[in-house]
Amino acid sequence: MDGMTADTLLAPSLPGLLRIGPHTVQPPVVLAPMAGITNAPFRTLCREFSGGKGLFVSEMITTRALVERNEKTMQLIHFDASETPRSIQLYGVDPVTVGKAVRMIVDEDLADHIDLNFGCPVPKVTRKGGGSALPYKRNLLRAILREAVGNAGDLPVTIKMRKGIDDDHLTYLDAGRIAVEEGVTAVALHGRTAAQHYGGTADWDAIARLKEHVPEIPVLGNGDIWCAEDALRMMRATGCDGVVVGRGCLGRPWLFGDLVAAFESPGSAPAAPDFGQVAAVMRRHAELLGLWLGDETRGVVDFRKHVPWYTKGFAVGSETRRALATASTLAELDAHLGGLDQTQPWPAHADGPRGRTAAGKRVVLPDGWLGDPYDCATPSSDAESDTSGG
Ligand SMILES: Cc1cc2nc3c(=O)[nH]c(=O)nc-3n(C[C@H](O)[C@H](O)[C@H](O)COP(=O)(O)O)c2cc1C
């Protein structure tokens, strides 16, 4: 290969600095918002591995719950004192409520960056015209963005979306243009339609097309980054300005350390952890959750969902796996983790896809939704009732 190593080929071609308003994100790596996952403890873990580099977005917060000061929502918007910039993701379907939520964030100094979610494919949400069904109604999207940007003051507003409803109803190029016109700072594209849910592979060509379509603002690529090299490949293949990493870091928060290394000194990948190191991260994750929730047992119970991701591929045994996933105290976790062979190396087959991979079925939409993309649609407020994300 004319003396070029694989690393040279993978290295991004001098990526420009990613700027999200006043915030420089270097390397240009973003933790994807994931409902039920990217709370303050998980963000802390990821940031510890990245050395504080990158941008770490909160779980999705519904605007109605925020303006109503719902107790659980007020807990979700908590940032650790060390988090900077504080990045919050909002989801809302009503322009006025979105505007009020943004205004509240500004007035009460609750965050430094606001991302808006237009990617949720869950039937309960799309059935009401919310989530990834919403950008089909161009004027509604525009109204929401106008209210958000108009109330944001100096805070940058970004959006995250899918390609569209299905292959016959793509919305991402129009949405990107509307975003530019309304003063949105950056757009992130998950290269799947709502119809795909998490099935198949993400369409990175669509990310490249969006980048060409909206050269005025940074475009962030999202979908199927399972290891640090995938991030570099996406940057090269699409010309995007940064990457958004979701499922690849489930049970693998050290991926952010790998990403920083890959961007800063290609070829210098940190060694994959052995089981002892993974067990130490698990313990810390559970402990942080308990501190955040103010109750050890609640923390360990919340941690249960992470167990299959952390232990994927290791020789744990079904009984211990079950015991870990039903533990209620840190002492129980310690006992079960301590009984396992700590020297097990990282299993090669633990790389690759993890988390949700199911394909979708038909996208459920309100009656007549696909009629006029420019009518004055208003989804009912219960389009915000689901909190399972994107
Ligand atoms: C458990 C889970 C929760 C998610 N929650 C959200 C969310 O709250 N907001 C959002 O914009 N996307 C959400 N997503 C979508 C991810 O942010 C991301 O777009 C998607 O997983 C594709 O990226 P990946 O291939 O890197 O995982 C969620 C995904 C998962 C797996």
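In listed order, ligands and their atoms are each counted from 1. Source: prediction; values computed, not measured. The first residue of the sequence shown is numbered 1, and numbering continues consecutively from there.
Ring pair F118/Y91: centre-to-centre distance not below 6.0 Å.
With respect to the salt-bridge test (charged N to carboxylate O, under 4.0 angstrom), the residues K163 and D203 qualify.
Screening F303, F49, W309 against H285 for a ring pair (Phe, Tyr, Trp, His ring centres under 6.0 Å) leaves a single residue, F303. When each of L145, N139, I144 is tested with L141 by the rule side chain to side chain contact (heavy atoms under 4.5 Å, CB included), just one qualifies, namely L145.
Residue-level proximity to ligand 1 for M34 is carried by backbone and side chain together, each with a heavy atom below 4.0 angstrom. With a 4.0 Å heavy-atom cut-off, ligand 1 is reached by no atom of Y91.
Using a 4.0 Å cutoff on heavy atoms, E59 does not count as a contact of ligand 1. For G248, the closest heavy-atom approach to ligand 1 does not fall below 4.0 Å.
Each of the following atoms of ligand 1 lies closer than 4.0 Å to a heavy atom of A32: 17 (O). Ligand 1 places these atoms under 4.0 Å from at least one heavy atom of K160: 10 (C), 11 (O), 12 (N), 15 (C), 16 (C), 17 (O), 18 (C), 19 (O). For ligand 1 and M60, the ligand atoms under 4.0 Å from any heavy atom of the residue are 8 (O).
Annotation: R247 places an N or O atom under 3.5 Å from an N or O atom of ligand 1; distance criterion only. Not one N or O of I225 is nearer than 3.5 Å to an N or O of ligand 1, by distance alone. Looking at R192 next to ligand 1, no N or O pair under 3.5 Å apart turns up. Residue L250 has no nitrogen or oxygen atom sitting less than 3.5 Å from a nitrogen or oxygen atom of ligand 1, judged on distance alone.
Of the candidates D115, N222, T38, L31, it is N222 that places a heavy atom closest to atom 23 (O) of ligand 1.
Atom CG of L288 and atom CZ of F42 lie 11.5 Å apart (nearest 0.5 Å).
Heavy-atom neighbours of K100 NZ from other residues, nucleotides or ligands within 6.0 Å: at or below the threshold of 12. The local environment of CD in E319 is sparse, with at most 12 non-hydrogen atoms from other residues, nucleotides or ligands closer than 6.0 Å.
Looking only at atom types and distance, the side chain of S58 has no donor-acceptor partner in the side chain of R43 under 3.5 Å away.
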